[in-house]
Amino acid sequence: MSRLAQTAGLTDIQQEILATVRDFVDKEIIPVATGLEHRDEYPQQIVDGLKELGLFGLMIPEEYGGLGESLLTYALCVEEIARGWMSVSGIINTHFIVAYMLKQHGTQEQKETFLPRMAAGEVRGAFSMSEPGLGSDVSAITSKGVQDGDEYVLNGQKMWLTNGGTSTLVAVLCRSDEGHPEGTAPHKSMTTFLVEKEPGFGEVRPGLTIPGKIDKMGYKGVDTTELIMDGLRIPANRVLGGVTGRGFYQMMDGVEVGRVNVAARGCGVAQRAFELGVSYAQQRHTFGKAIAQHQAIQFKLAEMATKVEAAHAMMVNAARKKDSGERNDLEAGMAKYLASEYCKEVVEDAFRIHGGYGFSKEYEIERLYREAPMLLIGEGTAEIQKMIIGRRLLEEYRFQG
């Protein structure tokens, strides 16, 4: 077991879960990850293994067939999985966010319909906010849901949908102006719609098209897609929570825990990069001794390990804050910002330690070097995190004059 990134105060059950996941990662993910990633191949066998472990229902309450575990347990599992291959953690992250939103905001009928099947891995979740011209400005969403009797008709184009092809349930954020008079703040006229679909690409149900996978620099294996709605009809009882106008808050609640997840992914990738760097440094010899014996390399390893430890501590703090029922947007923003930035730096240092071999696809660090940048963008850029952090700090430290 690694000396770094240990978590104090875990229960026996949490430790058992993590040991099981760590063993699965070492035996079933790490040996095949690079080959699957180079082929951009969906890791079906790995996903089936995670289903058998019950990870798709890790945080879903026991009454709906899940394990009822905490956000901390989930984040630590994600950290382990991302250490093996970050794309796999993305597959379960989007599923988890939709399950969390259903648990927190869904009607009783929606919970009973979806959560048991999501816990079993039979229904796979994805969520969709972004659009082609949107960037970080969620208030500029143009996709619309218009009520027509006991149905809603959805039109618009969404972007960067993780699990777009393999998912069977997508939480889609759209504008819904009915009942919200002109001049209403944009975030108060948004609604989350629960869209059921068949897995695959092309027209997956009448009015809904998943064009195909977006070709990416890294983060391969997992399918990232567009989603096009053209006269898509869904029943009114598929409005999340049963009331329009609450979609922005529901999505932000989901993204908040998603930021803890991204922080956990950053921690996992950084841990793997450190493992690869410290191992290679002891094998590679120059000037008659292992490069790990050169002071310059020891300094680099010291900095990498310190960053791994610091990011892990902040991620754990953010998860525990959310589990306590307290507001954690400050802690989640800090954890996501620090972990993603440190991950990029640790991966680059491991890449440098490998020298020319780091540029070869035969070495695992090459894959990590292409994967780390996604964490700088996912669930809000570093600039967005700093805006959130700055605003919250001004709330906490308001000048009394």
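Below, each value reflects all heavy atoms present in this structure, side chains not excepted, and no hydrogens, waters or symmetry copies.
Test Ile353, Ile365, Ile297 against Tyr280 for side chain to side chain contact (heavy atoms under 4.5 Å, CB included) and you get one pass: Ile353.
When the shell of 6.0 Å around CD of Glu112 is examined, it contains more than 12 heavy atoms from other residues, nucleotides or ligands. Environment of CD in Gln108: crowded, with over 12 heavy atoms of neighbouring residues, nucleotides or ligands closer than 6.0 Å. More than 12 heavy-atom neighbours from other residues, nucleotides or ligands sit within 6.0 angstrom of CZ on Arg39. Within 6.0 Å of CG in Asp26 there are more than 12 heavy atoms belonging to other residues, nucleotides or ligands. Around the CZ atom of Phe201, the shell of radius 6.0 Å holds more than 12 heavy atoms that belong to other residues, nucleotides or ligands. For CZ of Arg352, the number of neighbouring non-hydrogen atoms (other residues, nucleotides, ligands) closer than 6.0 Å is 12 at most. For Glu326, the CD atom sits in a packed shell: over 12 heavy atoms of surrounding residues, nucleotides or ligands are nearer than 6.0 Å. More than 12 heavy atoms of other residues, nucleotides or ligands sit less than 6.0 Å from atom NZ of Lys216.
One distance of note links CG of Asp215 with OG1 of Thr224; it measures 10.5 Å at 0.5 Å rounding. Here CE of Met190 is found 9.5 Å from OG of Ser176. Values are rounded to the nearest 0.5 Å. Separation of atoms CE (Met59) and CD1 (Ile97) is listed at 11.0 Å; rounding is to 0.5 Å. With rounding to the nearest 0.5 Å, the separation of NE2 in His354 from OH in Tyr369 is 13.5 Å. In this structure, the separation between CD on Glu80 and SG on Cys267 is 11.0 Å, given to the nearest 0.5 Å. The OG1 atom of Thr142 sits 9.0 Å away from the CZ atom of Arg175 when rounded to the nearest 0.5 Å.
The closest donor-acceptor contact from the side chain of Asn155 to the backbone of Lys144 lies at 3.5 Å or more, if one exists at all. A donor-acceptor contact shorter than 3.5 Å is absent between the side chain of Glu28 and the backbone of Ile46. Under a 3.5 Å cut-off, the side chain of Lys197 and the backbone N or O of Gly164 do form a donor-acceptor pair. A donor-acceptor distance shorter than 3.5 angstrom exists from the side chain of Arg117 to the backbone of Thr113, with no hydrogens or angles considered. A donor-acceptor contact shorter than 3.5 Å is absent between the side chain of Arg265 and the backbone of Leu375. The backbone N or O of Arg124 sits less than 3.5 Å from a side-chain atom of Thr168, completing a donor-acceptor pair. Between the Lys336 side chain and the Glu256 main chain, no donor and acceptor come within less than 3.5 Å of each other. Judged purely by atom type and a 3.5 angstrom limit, Lys213 uses its side chain to pair as donor or acceptor with the backbone of Asp40. At distances below 3.5 Å, at least one donor-acceptor pair connects side-chain atoms of Gln283 with backbone N or O atoms of Ser279. Panel note: side chain Gln293, backbone Ala290; no donor-acceptor pair is recorded below 3.5 Å.
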Practice prompt. Would you sort out whether Val195 and Leu169 count as a side chain to side chain contact (heavy atoms under 4.5 Å, CB included), showing the intermediate values?
Written response: CA-CA 6 Å; Val195 177; Leu169 177 67; 6.0 Å; no
Practice prompt. Please lay out, stage by stage, how Tyr42 and Val47 fare under the test side chain to side chain contact (heavy atoms under 4.5 Å, CB included).
Written response: CA-CA 9 Å; Tyr42 186 78; Val47 171; 3.7 Å; yes
Practice prompt. Dump the intermediate steps for side chain to side chain contact (heavy atoms under 4.5 Å, CB included) on Phe114 and Leu194, then the final yes or no.
Written response: CA-CA 10 Å; Phe114 294 114; Leu194 301 171; 4.2 Å; yes
Worksheet entry | Thr7/His312 under side chain to side chain donor-acceptor pair (under 3.5 Å): CA gap, chis, key distance, verdict | CA-CA 9 Å; Thr7 309; His312 175 83; 2.8 Å; yes
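Nearest heavy atoms, Ile81 versus Ser89: CG2-N, 3.7 Å. Listed here is the closest heavy atom pair of Gly254 and Met101: CA-CG, 4.1 Å. Closest of all the heavy-atom pairs between Val308 and Ala5 is CG1-CB, 4.5 Å. Closest of all the heavy-atom pairs between Ile388 and Arg259 is CD1-NH1, 3.2 Å. Annotation for Gly277 and Leu301: closest pair C-CD2, 4.2 Å, computed over non-hydrogen atoms. Heavy atoms only, all atoms of each residue included: Met315 and Leu76 are closest at CE-CD2, 4.1 Å.
Electrostatic pairing of Lys300 and Glu303 does not count as a salt bridge here, judged by no charged N lying under 4.0 Å from a carboxylate O. A salt bridge between Arg367 and Glu37 is absent, with no side-chain N of the basic residue lying under 4.0 Å from a carboxylate O of the acidic one. No salt bridge links Glu348 with Lys344; every basic N to acidic carboxylate O contact stays at or beyond 4.0 Å. Remark: Arg391 does not engage Glu395 in a salt bridge, criterion side-chain N to carboxylate O under 4.0 Å. A salt bridge links Arg238 with Glu109; the closest basic N to acidic carboxylate O contact falls under 4.0 Å.
Note on ring orientation: taking the six-membered ring where Trp is involved, the planes of Phe351 and Phe359 are perpendicular (angle over 60°, cut-offs 30° and 60°).
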